[in-house]
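Throughout, protein chains are lettered first and strands after them, A, B, ... in sequence-line order, and every chain is numbered starting at 1. Remember, it's a predicted structure, so these values are computed and weren't measured experimentally.
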2 protein chains.
Amino acid sequence: MNIKHDKENVLKTGLSLFCNKGYNSLGIDEICKVTGMTKGAFYNAFKSKEQFLIEAILLYAKNNVNRIKTQLKSNTDKPAFERLFQFYINMLEVQPKVNFMGCFINNIMSELGAANDKVGLASTQAFDEFIDAIESTVKDAQQNNELSSEWNSRQITELFHSTFYGSLTRAKSSRDNQQSINTMKLLFDNLKTNK
Amino acid sequence: MNIKHDKENVLKTGLSLFCNKGYNSLGIDEICKVTGMTKGAFYNAFKSKEQFLIEAILLYAKNNVNRIKTQLKSNTDKPAFERLFQFYINMLEVQPKVNFMGCFINNIMSELGAANDKVGLASTQAFDEFIDAIESTVKDAQQNNELSSEWNSRQITELFHSTFYGSLTRAKSSRDNQQSINTMKLLFDNLKTNK
DNA sequence: TTATTTGTACAGACCGTTCTGTTTGAGTAT
DNA sequence: ATACTCAAACAGAACGGTCTGTACAAATAA
């Protein structure tokens with residue numbers, strides 16, 4: 001009953017590997033090698049590779065919802081619109097310097113979302129949680145009259161995030177984030193009130 | 001010089017298989033089985049699976065650029081803005097009924113674009129060609145004063161297409177295209193002049 | 001004939017998973 | 001305290017399957 005490997009730590013490591021290599025290109029052997037586990041320990045802790053991925057998605061969602069909330073709630077001296085805009089630009093600017101793999105959820109949606117029901121569901125839930133976390137700041141921006149109130153705040157958030165994902169995918173392939181930054185900039189400029 | 005199998009036809013079939021299964025989940029054996037080829041014939045015609053994919057991407061790009069141009073140039077009695085909008089809505093509405101795999105280029109970008117330089121380049125080129133094909137109709141809409149001329153037509157086209165890709169990825173995972181249709185609708189509504 | 005194309009078997013690597021046996025340590029009885 | 005029990009955790013070899021790509025002979029074309 002001696003648990004040598006903390007499940008959350010293993011998931012954290014696996015998550016980082018999934019982020020860098022995707023699902024199919026990452027083998028159990030590599031997960032074990034990096035975490036210092038053996039196959040026996042791995043399959044004792046996780047039912048399957050698919051289940052491991054799903055638990056990793058849940059962990060990623062939890063961590064990122066917290067990150068999103070913290071980030072959007074900080075610098076409250078700045079207007080909500082500005083915080084939203086910087087939130088997205090920051091992800092496009094900083095992440096590519098680390099690696100060009102974009103957002104884990106977006107990648108998994110593309111790689112497995114359509115083929116695997118469980119993974120599709122888990123990644124859709126993660127996306128929804130992100131929308132939830134961002135929407136309140138969109139509402140703030142609307143109340144400040146920085147963002148048009150003509151449309152539903154959830155719809156606007158969906159638009160922000162879908163555009164972000166689409167342009168991130170493009171940045172990943174073209175190895176150039178400038179175009180994506182311009183795209184997000186145009187979207188925000190356009191939705192801004194009193195242009 | 002008995003070439004039993006027309007290369008373009010084989011690519012066309014392979015393309016359809018890639019669209020349905022992605023890259024990693026589709027084996028050479030299955031390509032051969034469906035096209036009626038044998039391994040010998042396949043590897044005589046194509047250097048590798050990777051090269052086969054790249055040729056398939058080029059074919060897909062060529063075919064779709066033609067399709068895009070034809071579609072956007074038809075119904076010219078309707079205004080350019082309306083044609084653009086219907087072009088995107090149509091892809092979101094009709095494609096899911098066939099399968100939920102979305103756009104081949106978007107999928108390949110996500111699955112391999114970051115990991116494989118050649119594939120990243122080919123899919124980026126395909127994306128650029130799509131933008132080229134769509135941009136002229138965006139220009140028309142701007143000249144008709146249906147779309148804001150405040151921004152560069154290419155930038156606007158990039159925004160349309162990135163949002164389309166992002167929302168398509170979401171639709172694929174959630175098995176629901178309604179949200180994506182609403183997202184595109186909001187984007188178009190917002191960019192429309194004289195709202 | 002000579003060169004090219006095709007069919008098939010197979011090499012060799014890799015994958016996720018299972019299997020057997022071992023270790024570990026808390027709980028229990030002595 | 002000491003010995004025993006037992007179930008969870010672990011180690012890692014082995015398995016069955018899949019994959020891309022190759023070898024090479026047979027078939028076909030030039």
Checklist entry - With sugar-phosphate meaning primed atoms plus P, OP1 and OP2, does A:Ile31 contact a base, only sugar-phosphate, or nothing at under 4.0 Å between heavy atoms? => result nothing
Item to check | Polar side-chain contact B:Lys39-C:dG7 base: donor and acceptor under 3.5 Å | outcome: no
Item to check | Nearest listed nucleotide, side chain of A:Tyr43, among C:dT8, C:dG16, D:dT20 | outcome: C:dG16
Item to check | With sequence neighbours excluded, residues passing ring pair (Phe, Tyr, Trp, His ring centres under 6.0 Å) with B:Tyr43 | outcome: none
Checklist entry - Any N or O donor-acceptor pair linking the side chain of A:Lys49 to the base of C:dT17 at under 3.5 Å? => result no
Item to check | Between D:dT22 (C1') and B:Phe42 (CZ): distance, integer Å | outcome: 14 Å
Next on the checklist: Which residue is it: A:Lys39, A:Lys21, A:Lys49? I am looking for the one with a salt bridge (charged side-chain N to carboxylate O under 4.0 Å, His left out) to A:Glu30.
Outcome noted: A:Lys21
Next on the checklist: Measure CG/A:Asn44 against P/C:dT22 and give the value in whole Å, please.
Outcome noted: 18 Å
Next on the checklist: Here's one to test your reading of the geometry: is the NZ or CZ of B:Lys12 within 45 degrees of the ring axis of B:Tyr60 and under 6.0 Å from its centre?
Outcome noted: no
Item to check | Interatomic distance, B:Lys7 NZ vs C:dT5 C1' [rounded to whole Å] | outcome: 14 Å
Checklist outcome for this item: B:Ile28 has its side chain closest, among D:dG12, D:dT20, C:dT8, to D:dT20
Checklist entry - Nearest-Å distance, CG (B:Asn24) to C1' (D:dC19)? => result 10 Å
Checklist entry - Looking only at atom types and distance, does a side-chain atom of B:Ser180 sit under 3.5 Å from a main-chain N or O of B:Ser167, one as donor and one as acceptor? => result yes
Checklist entry - How many Å lie between CG on B:Leu53 and C1' on D:dT20, as a whole number? => result 14 Å
Checklist outcome for this item: Whole-Å distance, B:Lys47 NZ to D:dT22 P, equals 10 Å
Item to check | Partners meeting side chain to side chain donor-acceptor pair (under 3.5 Å) with B:Asn63 (sequence neighbours left out) | outcome: none
Checklist outcome for this item: Of the candidates D:dC10, D:dG21, D:dT20, the side chain of B:Asp29 sits closest to D:dT20
Checklist entry - For DNA chain C, whose closest nucleotide is more 5', that of A:Gly40 or that of A:Gly27? => result A:Gly27
Item to check | Protein-nucleotide distance (A:Phe46, atom CZ; D:dC10, atom P), rounded to Å | outcome: 11 Å
Checklist outcome for this item: B:Lys33 atom NZ is separated from D:dT18 atom C1', nearest whole Å, by 15 Å
